[in-house]
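Working notes, structure below.
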Amino acid sequence: AEAIRWLTAQMEQQHRLTVYVQATDDVPVPDEDVRVLLFQIVRELLFNVVKHAGVSEAFIALSRADHHIHIEVTDQGSGFDVAAVLGDAVQSHGLLHTRHRLELIGGNMRVESKIGGGTRIILNCPLSHQPQPENE
């Protein structure tokens, strides 16, 4: 939560994006690799808000349950057609890359959006790195 709050201050200063953070507690993540990955993902999602949503506010909710961290990044911006965007590898490269990176450590990502109705990205990730077996 502390790193996310620092990031939100940077987004406000550099991009005039006000980000409101709601955290149930400090939501400590003991695994450094997971902390770094989640920070990078949240930063990328906030950049997407700046580039595509057409709004000056975003919301982040952090919680912890059953050895997982749950992060939601939400905006009330222009939204998009999820099926169309995720079906286009060029247009959705960042989101698909994010999903893949989370899956590699046992996490997942859900994208909810509606044209004219904003976007919500839900991340669910184990608190410690759980390497997934590679397909042979």
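The two atoms that bring Leu17 and Val55 nearest to each other are CD1-O, 4.0 Å, heavy atoms only. Across all their heavy atoms, Glu112 and Val82 have their closest contact at C-CG2, 4.2 Å. Closest approach of Val49 to Ala58, counting heavy atoms only: CG1-CB, 4.3 Å. Across every non-hydrogen atom of Thr119 and Ser113, the tightest pair is OG1-OG, 2.8 Å. For Leu37 against Leu102, the heavy-atom pair with the smallest separation is CD2-CD2, 4.4 Å. Here the shortest heavy-atom pairing between Ile71 and Ile60 reads CG2-CG2, 4.0 Å.
Residues Val36 and Leu104 do not share a hydrophobic cluster, defined by chaining ILVMFWY side chains whose heavy atoms lie under 4.5 Å apart. Linking Ile, Leu, Val, Met, Phe, Trp and Tyr residues whenever their side-chain heavy atoms come within less than 4.5 Å leaves Val111 and Ile115 in two separate clusters. Placement of Trp6 and Ile41 within a single hydrophobic cluster is found when ILVMFWY residues are connected by side-chain heavy-atom separations under 4.5 Å, directly or transitively.
Once rounded to the nearest 0.5 Å, the distance linking CG of Leu95 with NE2 of His100 reads 14.5 Å. Note that the CG atom of Asn108 and the NE2 atom of His68 stand 7.5 Å from one another [nearest 0.5 Å]. Note that CD of Gln76 is 10.5 Å distant from CZ of Arg120, once rounded to the nearest 0.5 Å. The CG atom of Leu38 sits 9.5 Å away from atom CZ of Arg101, with the distance rounded to the nearest 0.5 Å. One finds the CD1 atom of Ile122 at 7.0 Å from the OG1 atom of Thr74 (value rounded to the nearest 0.5 Å). In this structure, CG in Asp75 is found 9.5 Å from CG in Leu46, a value given to the nearest 0.5 Å.
Donor-acceptor pairing under 3.5 Å is recorded for the side chains of Glu12 and Thr18.
Ring planes of Phe59 and Tyr20: parallel class, angle under 30° (limits at 30 and 60°).
Gln22 CD: 12 or fewer foreign heavy atoms inside a 6.0 Å radius. For CD of Glu32, the number of neighbouring non-hydrogen atoms (other residues, nucleotides, ligands) closer than 6.0 Å is 12 at most.
With a 4.5 Å cut-off on side-chain heavy atoms, Pro126 and Val34 do not count as touching.
Remark: of the listed residues Thr98, Val42, Leu45, Leu45 is the sole one forming a side chain to side chain contact (heavy atoms under 4.5 Å, CB included) with Ile121. The only member of Glu72, Met109, Arg99 that meets side chain to side chain contact (heavy atoms under 4.5 Å, CB included) when paired with Leu123 is Met109.
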